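Let me begin by presenting the structure, written as structure tokens, before commenting on it.
As a basis for the values below, the full set of heavy atoms in this structure was taken, side chains included, without hydrogen atoms, waters or symmetry mates. Please read these numbers as outputs of a predicted model, since none were measured by experiment.
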Amino acid sequence: MTQVGQESVLRLAPGCRLSEAGAREDLLLIPEGALRMQGPARKIVELLNGERSVREIVEELQHRYGTEDAARIETETLALLTRLRERGVLESV
Amino acid sequence: MKYEPKALIAEVTHRCPLHCVYCSNPLEMQRRSEELSTADWISIFQQAGEMGVLQLHLTGGEPLARTDIAELVKAGRAARLYINLITSGVGLDPGKLDALIDAGLDHIQLSFQDIEEGPANEFSGTRSHALKLRMAAMIRERRVGFTLNMVVHRSNLDRLEEMIAFAEQSGAQRVEIAHVQYYGWALKNREALLPTRAQVDRSIEIVEAARERLKGRLRIDFVLPDYYAKYPKPCMNGWGHQQMLIDPVGQVLPCHAAGVIPGLEFSSTREHPLRWIWEESPAINRFRDESWMPEPCKNCDRRTRDFGGCRCQAFLLTGDAAATDPVCTLAPSHKVIEDILGQVNGAKQNWVYRIDPI
Ligand code: SF4
């Protein structure tokens, strides 16, 4: 149930949100504290709207960051989303 | 070394409709007539936000006892803080809950005293359990972070599995299972609250199994009773390192209990800017670095991990706030703990209930 695959549709769980734009650091605020959002992590989380599938998000990122790294973008996005899902920061829709 | 504050615990009032036998409030509580005003708190939240604080925990007493609570939530959000409300649920209704969520409340931590109504009401000294169940149902219907908090001790620990099962279907994302820590009112009731070693060991097994089973569905945070530990807890992650507590009248403390330590004067937000208090005030600096440490802490490798344990516990159990936490098996005073544990028995004690301030 907590597995994240290409067709998963995810969104932030209640009580979790990104720090507002302009905050001194990109953070994901959660009940226990905050997770640092490094590199493209913030962008990935921003794309989770409870409607897009993981596949669509990966395509969007590949489109944005260029396709030569397509495979890496896919594995890293899946890894991040899996970690966040296991931590209870994301929920499946 | 620079200490960056991450969390602010705001005890916005000591008033509370419950009388829990393990309340962490001080025995001497602050009166309503002396409480900070709405404007005072708003200024504090703004200062905290500017200092880089991320989280605001609104607690009490019962924070809902303040009629301006929604305004405080809104001000906290305006200061870019993550807002957590720590509540018994008493005083909540659908309208109020919606108002709090509209104001930007991120998260609610709802406390339960037990899973069975009789004992739950006994431990809180009120008939509040049934109401709490209704509050939990109300919260789960809304989109807000939701954690259940269950305080466990000798008289309810044998129902831990039922408590976790309740948490599982409550709609909460997290449950915090917290063994009582012996400060404030809990210290007065320690004889009746302290679990046996067998109970503690069993509770660890139950939590580990449940964590495995509920992975990704329900998070379980678990606080162990430090009397049974080998080394002390890294209390507050270090005195004046990451967290501060502001009491109802504006005194800034490093934790809930530090008011018991004689000779410390806590600076007030009524007289000083928060940044000065955090960086310069004598009380926040008193045990901040390692210069106060006695042997064996001074030369112990664990001192950067547990900071020599809890200063308040050291004072409460040895009379010296600058002693090694007696919970530590290396502490010269550790026998105090062994003696206390040696006396744990099933005898029933009369509870000392928390009294509400005027
Ligand atoms: S001796 Fe001091 S620093 Fe070492 S484990 Fe015990 S309390 Fe911690």
Side-chain angles (χ1 to χ4, degrees), chain A residues 1-38 41-42 44-54 57 76-93, chain B residues 4-8 49-57 76-86 97 101 104-110 139-149 167-168 170-176 211-223 237 242-243:
Chain A
M1 221 179 78
T2 65
Q3 215 121 6
V4 174
Q6 293 286 355
E7 301 313 320
S8 307
V9 178
L10 302 164
R11 63 175 172 180
L12 284 168
C16 302
R17 67 177 161 90
L18 287 163
S19 54
E20 280 136 60
R24 58 174 88 176
E25 236 186 321
D26 276 335
L27 297 170
L28 185 52
L29 301 171
I30 62 172
E32 305 89 331
L35 305 174
R36 209 165 262 137
M37 293 280 94
Q38 272 151 341
R42 185 186 172 102
I44 297 173
V45 173
E46 273 174 354
L47 287 170
L48 299 169
N49 61 358
E51 286 169 18
R52 287 190 191 92
S53 67
V54 171
I57 289 172
E76 287 185 4
T77 302
L78 268 168
L80 174 77
L81 295 177
T82 304
R83 266 203 317 280
L84 293 177
R85 179 71 186 88
E86 274 174 4
R87 219 178 176 300
V89 172
L90 301 179
E91 60 180 18
S92 303
V93 179
Chain B
E4 297 191 352
K6 294 285 173 236
L8 165 59
E50 281 159 22
M51 289 163 68
V53 170
L54 297 172
Q55 287 196 312
L56 171 61
H57 302 283
R77 274 305 292 268
R80 297 200 164 162
L81 301 169
Y82 178 98
I83 320 289
N84 175 26
L85 181 76
I86 300 175
L97 181 55
I101 295 172
L105 184 66
D106 287 295
H107 182 269
I108 299 182
Q109 182 178 316
L110 180 67
I139 295 167
R140 76 183 288 179
E141 285 167 7
R142 290 162 173 82
R143 232 185 127 68
V144 63
F146 181 18
T147 294
L148 288 184
N149 169 274
E168 207 182 322
S170 69
Q173 295 93 40
R174 275 162 85 241
V175 59
E176 188 178 277
R211 273 187 177 148
E212 194 48 42
R213 186 169 58 85
L214 298 168
K215 206 160 141 197
R217 282 196 288 147
L218 178 74
R219 249 181 104 74
I220 305 182
D221 285 347
F222 189 41
V223 179
N237 284 319
Q242 298 175 357
Q243 306 183 60

Between A/C16, A/P31, A/G15, which has the largest tally of heavy atom pairs under 4.5 Å with chain B?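 Of the candidates given, the most pairs with chain B belong to A/P31.
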A side-chain contact here means heavy atoms from C-beta on lying under 4.5 Å apart; do [X] and [Y] qualify?
| X | Y | value |
| --- | --- | --- |
| B/R80 | A/S19 | no |
| B/R219 | A/R87 | yes |
| B/L54 | A/L27 | yes |

More than 12 heavy atoms of other residues, nucleotides or ligands under 6.0 Å from CZ of B/R143: yes or no? yes
Which answer fits A/L90, side chain, backbone, both or neither, if we ask what part of it has an atom under 4.5 Å from a heavy atom of chain B?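 For A/L90, neither part sits under 4.5 Å from chain B.
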Chain B contact via A/L84 - side chain, backbone, both or neither, heavy atoms under 4.5 Å: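 For A/L84, there is no contact with chain B at all, as no heavy atom is under 4.5 Å.
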Using heavy-atom distances under 4.5 Å, tell me whether [X] contacts chain A through its side chain, its backbone, both, or neither.
| X | value |
| --- | --- |
| B/R142 | neither |
| B/D106 | both |
| B/I101 | neither |

Take B/R77 and A/E20 through the test side-chain contact (heavy atoms from CB on, under 4.5 Å) and record every step on the way to the result. CA-CA 10 Å; B/R77 274 305 292 268; A/E20 280 136 60; 3.7 Å; yes
Would A/E86 and B/R217 pass as an ion pair if we require N to O under 4.0 Å? no
May I ask you to decide whether A/E25 forms a salt bridge with B/K6, counting only side-chain N to carboxylate O separations under 4.0 Å?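 Salt bridge between A/E25 and B/K6, a charged N being under 4.0 Å from a carboxylate O: no.
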Distance, nearest 0.5 Å, that separates CG of B/N84 from CD of A/E32: 10.5 Å
Please report the shortest heavy-atom distance between A/I30 and B/Q55, naming the atom on each side.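 Smallest heavy-atom distance, with atoms named: O-NE2, 2.9 Å.
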